[in-house]
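Report on the following structure.
Chain letters run A, B, ... following the sequence lines, proteins first and then strands; every chain starts at 1. The figures here come from the full heavy-atom set of this structure, side chains too, leaving out hydrogens, waters and symmetry mates.
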Amino acid sequence: MSHAHKMSFWEKYVFSTDHKMIGLQYMFTGIAMAIIGGFFVYVFRMQLAFPGISVPGYGEVTPLAYNSLVTNHGTIMIFWFAMPVLIAAFGNILIPLMIGCDDMVFPRINRLSYQIFLLSALVLVASFFVPNGGFGGAWTAYPPLSAEAAYNATPLGAPMWLIAVALEFVAFLLGGINFITTMMNARAKGMTMYKIPIVLWLIVIASILFMLSVGPLIAGAVMLLFDQLLGTHFYNPGGGGDPLLWQHLFWFFGHPEVYVVLLPAMGIVADIMAVFARKKLFGYRTILYSVFATGILSFVVWAHHQFIAGIDPRMANLFTVTTLLISIPIAELCFVYIATLYGGSITFNTPMLWAISFMVEFLIGGVTGIFLGASGADIYFHDTYFVVAHFHYTFVPIAIIGFYAGITYWFPKIFGKMLDDKLGRIHFWGTIIPFNFIFIPLFVLGTAGQHRRIFNYEYFQDLALAEFYNLRVIATVSLLVMIAFQFVFVYNFVKSLRKKEKAPKNPWNANTLEWTADSPPPHGNWPELPVVYRGPYEYSHPDRESDWWPQHEPGPDPADPDYQSPSQNPQTT
Amino acid sequence: MSEAAEHQEHHEAHGAGRYVKIWIILLVLLGVSVIGPLAEIKWLTLITAFGIALVKAGMVCAYFMHLNIEKKLAWYILFATLLLLLVFFTGIAPDVMKPEGQNWESLYVEPTQTDVEGHGYGDGHAEKAH
Amino acid sequence: MAFQVPIATSRSSTGIPTSRLAVWWVLASEIVIFGGLIMSYLMFRLHHESWSYEAAKTDPWAGGFNTFVLLTSSLFVVLAHHAAENNDTKKSFRYIWYTIGGGGVFMMVKIYEYSSKIMHDYTMFKSVFWSFYYTATGLHGFHVLCGMVIMAIIAQDVKKGKNLHRVEAIGIYWHFVDVIWIFLFPLLYIAK
Amino acid sequence: MIEAYLERASTYAGDIDILFSGVFWIVAVWFVAAEGVLFYFCFRYRKQEGVAAKYVTGEEKSYKKFISVPHYLILVFDIFIIAGAILVWYNIKQRLPENPDLTVGIISQQWAWTFIHPGADGELHTADDIKTIDELHLMENTTYLYELESLDVLHSFSVPVFRLKQDAIPGRKIVGWFTPTKTGEWDIQCTEICGIGHGLMPARVHIRSAYDHEQWLEENTPAEAGQALAAASNP
């Protein structure tokens, strides 16, 4: 595996087929898009708290611009930040390293996947600059509003938005096929099904969920594009179409999509928790089976997004049952994570703080979902700020906390330097505390009946009260504080990269294979590909002197039924 | 089974002549499904059209795509997608497949045969009067 | 830069060769794309009685002929695979080009069908039935075209005796395109 | 809990509030328990000198019960929540009152609401219907059916004080019901994004006592409609 020849800048950074470089490309594109999405949220939160002001750095927010900002904030954060960073970036970087092979099975398809993704991002960004701006029909793009320029007033923005989303789906389909095949086929010798790190299982299951759920929406997107550009009537009730069809196509994808981004984040958290609690995961198979159950159930709950959208009311009962049933495997996952901490020896450094805060915050998001899944209560809560607060309490832990947990944990491996722990903690507290102050007021506003996607509540007498404005201002100011603290991370990132001192191969004493490669791993990862002897979470085994037992170290497997405890080893507990 | 033996069996089961046989059966089935509607019996047409389509698809998958000798895994993957489509259909049909349901009705006026055959239809999708 | 195929590609933990495994996953994703479209069509079709009058205007003979063409090209590609397995690259190359020819005939018939329909004013905008007709056959036609292009590239490799395993992969894809047509044919042409 | 922020002005507003409170307390117990255990573990099992971590696979029977018992408990609580949710849902969305007093027509478009009130004859779609823009006039303690339609894109008819929300779909007529129980004036919202003017589509619901409502009817019945009706009843 010698790649001794000197590679040019273009070969190394732009047209690379190396999985780590492609992962980084995804990550930095995702971060760049997140900055745009973050700027959008800054603009419209300012408008909501101080209606009518000229927002510094943007100007006055018109209703048309407001819709576009909200729509693209949602679209970007889910499709161009959460997905590329959590699945594509971590998936690309981690899958070959953790299963012990030299690259993805189809490196060139992998490169193509990123290039299509980049193209989709460019199309989306370009759509903000066309006449009348970007699409403003919400990220769900319900027709007929999204289908006809006469209704949405963005004759170019809407099709560009749709094309960007469709391209992005194609990119992730290509990437997903690569992830799935790589993990199924390219595992190191000895890495059987139950010896794969949980994070990989979850990334791959997420890819499968994505692949299976997105198909109908791709067909639906083609139909919507024809409605927009050619004037067909797929979704136009006047011409014999049906707008509800799109809602079903969208949410048939849209709900599994929640799990598509949730699972990788949960996987990252699982690995971090095991390492820093020095504990074996509390029931590896329990996690796996819960995730299977979640994956299957996630396909039969979609219509809870549409309870009051005019679907047949009888169907709502069915979907209430399935929606509440999905709480069982998800709760079980949370219990397993909490139980993993039991009896541990927990180090609270930055990655672990992020991982634990993921659990703390995600629980809030999880339990508030019950209100919305219960059809009766959803009649009132649908499309209020309660929903907004709920899904931000799931998506912020997933996308932002999950990302920070992953990047702080794998930073030494990816970049070969250590992050500053003290700055990391400042950044952590500066993010987590304002985050709660943004969204708890929104729960209150939602309970009081404030509905979504309104650029100015002055027009609604019951909502234009002073006490509500106070809550909106609290949320906006907290947002500003949270954004400000992100600069601490940027500073830390840059400062750590410029450090002279190199990171050790395995700074956390972790078991999984990626820590046996150099930091950062060269093209080809290992001079000789590793072999696996045991599961990834054998921490603090009583028969060992040290509290870890790497996967690659030759020797017995304690999970083997024939495993004999060597009596000469004194018990360490 | 050793790889060599598997390879051997692969060959015997799939000589070129066998593919031609299957192709002939497929063509006969195709003939039936084209001629079927000429009888103008609705249930018979449904059987000749969709029943035979299923048989044809099954044969192509089994013998041409070699799903019959592929590992079960591939079959599970494909079967799962079909199940998923079934879920998709059952979840959506109550809203899209019918002109009315509980507490709602469609206002779309179905064009008649003359509407369709005359060329006047197309703008005639008037809503029922309020 | 010389691209080196990684060791990962040659591994096979499941026992299914990587390229074939990937094709199965591609098919899984394609099934749901076409499935979503076909299911949507089916629901609309059962909703709208008037669509049976519209469906009567399609040309079952053209559709039937195209089914024949695709079935035959499927035979060719499986023979190409058979030849490739026996390392008979010349025969394999020839059969691949027969298959591409089949795809070409299919596309020609498609063009004839489209133009005659459009000349009789059955355009995409006439009703949602026709929108579905053009979208479904168009999406399928797009897959036929892609298959033809990929096959032409693979044929060049086969001629040089390289990457023979790809004949099987593209073959499976081509059969899948065939299977989709087997379902589109009764849905759009036969059922009145 | 909702009533602390918003008045109840329909018969079923209380049902939704009770459902919300019920779910809230069930969920709160689980939430506090889970977070409590999480924080306790974080504190109790922090890294200490000379204390090694336990080796627990989580697959031992003695440990597995800590997962499986809560698992079944959640199922039990889920059944309660499902039952409550379906009861409320059935009452509001599936069931229609047997003897509704009046029917109102609600038509949404970009970006206004048109409300069609039955005139003095109490029937909708007759000559003396009263059409108003962005104002819905209702009589207290009267059971109404509504017929919801949309002319262009999706809208959603939401009256927070009724706890009622229903999307309007072009090409469809959706029927539902409500019974106002309190006089007053509140917001009607459009809660489905409907274009530029989505935030400029406020309407108000005016609920009056029977006497006041009669007065309003008299004042607003179109003159010609009244004459036509009089002519029809006195041939």
Side-chain angles (χ1 to χ4, degrees), chain A residues 1 3 5 7-8 10-11 15 17 19 96 99 101-109 173 176-178 180-189 191-192 208 210-220 222-223 226-227 230-234 236 239-242 245 248-249 252-253 524 529, chain C residues 1-45 47-51 54 123-136 138-140 142 169:
Chain A
M1 280 317 297
H3 291 262
H5 76 278
M7 287 190 288
S8 73
W10 291 95
E11 277 173 349
F15 297 110
T17 53
H19 67 100
I99 63 173
C101 66
D102 53 344
D103 207 328
M104 287 287 181
V105 288
F106 304 118
R108 284 170 293 185
I109 291 183
L173 275 182
I177 288 167
N178 226 336
I180 298 166
T181 343
T182 305
M183 199 188 86
M184 285 177 81
N185 249 358
R187 297 194 301 270
K189 187 161 175 281
M191 186 173 266
T192 53
I208 296 176
F210 176 79
M211 178 184 276
L212 297 184
S213 63
V214 80
L217 185 60
I218 291 182
V222 171
M223 284 146 70
F226 285 168
D227 271 14
L230 305 177
T232 53
H233 296 299
F234 286 113
N236 178 355
D242 197 331
L245 177 64
H248 279 296
L249 291 168
F252 185 79
F253 159 75
L529 298 182
Chain C
M1 173 175 99
F3 172 74
Q4 256 178 312
V5 178
I7 296 169
T9 318
S10 59
R11 281 183 174 172
S12 178
S13 309
T14 53
I16 304 177
T18 304
S19 62
R20 205 159 77 205
L21 183 65
V23 172
W24 292 126
W25 281 108
V26 170
L27 295 202
S29 72
E30 294 274 9
I31 289 177
V32 279
I33 294 177
F34 277 105
L37 191 66
I38 289 175
M39 290 295 168
S40 307
Y41 167 76
L42 205 59
M43 283 182 255
F44 275 44
R45 178 76 173 79
H47 180 163
H48 296 296
E49 278 174 28
S50 63
W51 283 23
E54 313 255 18
T123 60
M124 199 168 183
F125 317 102
K126 187 168 179 295
S127 78
V128 180
F129 172 81
W130 290 100
S131 309
F132 264 114
Y133 170 83
Y134 285 103
T135 310
L139 193 65
H140 178 263
F142 175 71

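- In terms of non-hydrogen atom pairs under 4.5 Å with chain C, the most contact-rich of A/Ala186, A/Ala219, A/Pro107 is A/Ala186.
- Contact of A/Ile180 with chain C is made through the side chain alone, with heavy-atom distances under 4.5 Å.
- For the set A/Thr192, A/Ile218, A/Val222, A/Val214, the count of heavy-atom pairs under 4.5 angstrom toward chain C peaks at A/Ile218.
- A distance of 10.0 Å separates OG of C/Ser12 from CE of A/Met184, quoted to the nearest 0.5 Å.
- Residues passing the ring-ring contact (aromatic ring centres under 6.0 Å, His included) test with C/His140, sequence neighbours excluded: C/Phe106, C/Trp181.
- The greatest number of non-hydrogen atom pairs below 4.5 Å with chain A, out of C/His47, C/His48, C/Arg11, C/Met124, is found for C/Arg11.
- Considering all non-hydrogen atoms of both residues, C/Ser40 and A/Leu249 come closest at OG-CD2, 4.2 Å.
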Expected list for residues 24-37 of chain C: side-chain donor-acceptor pairs under 3.5 angstrom, two or more places apart:
residue: C/Trp24; atom: NE1; partner: B/Glu70; partner atom: OE2; Å: 2.7
residue: C/Ser29; atom: OG; partner: C/Val26; partner atom: O; Å: 2.8
residue: C/Glu30; atom: OE1; partner: C/His143; partner atom: NE2; Å: 2.7
residue: C/Glu30; atom: OE2; partner: C/His143; partner atom: NE2; Å: 3.0

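- Expressed to the nearest 0.5 Å, how far CG of A/Asp227 lies from OG of C/Ser131 amounts to 7.5 Å.
- To the nearest 0.5 Å, the span separating CG on A/Leu245 from CZ on C/Phe44 amounts to 5.0 Å.
- Contacts of A/Phe234 with chain C are made by both backbone and side-chain atoms, with heavy-atom separations under 4.5 Å.
- For the pair A/Asn185 (side chain) and C/Ile16 (backbone), a donor-acceptor distance under 3.5 Å is present.
- Within the 4.5 angstrom heavy-atom criterion, no atom of A/Thr182 approaches chain C.
- Both the backbone and the side chain of C/Phe132 come within contact range of chain A, each with at least one heavy atom under 4.5 Å from a heavy atom of that chain.
- Here the shortest heavy-atom pairing between C/Ala8 and A/Val105 reads O-CG1, 3.5 Å.
- In this structure, the side chains of C/Met39 and A/Pro216 stay at 4.5 Å or more apart for every pair of heavy atoms.
- Interface remark: A/Met223 contributes side-chain atoms only to the contact with chain C (heavy atom separation under 4.5 Å).
- Residue A/Asn178: no heavy atom, backbone or side chain, is found under 4.5 Å from chain C.
- Distance OG1/C/Thr9 to CG/A/Asp102: 7.5 Å, rounded to 0.5 Å.
- For the pair C/Phe125 and A/Leu230, the tightest heavy-atom approach, listed with the atom from each and the gap, is CE2-O, 2.8 Å.
- With a threshold of 4.5 angstrom between heavy atoms, A/Ile109 does not approach chain C through any atom at all.
- Rounded to the nearest 0.5 angstrom, A/His248 NE2 and C/Met43 CE are separated by 8.0 Å.
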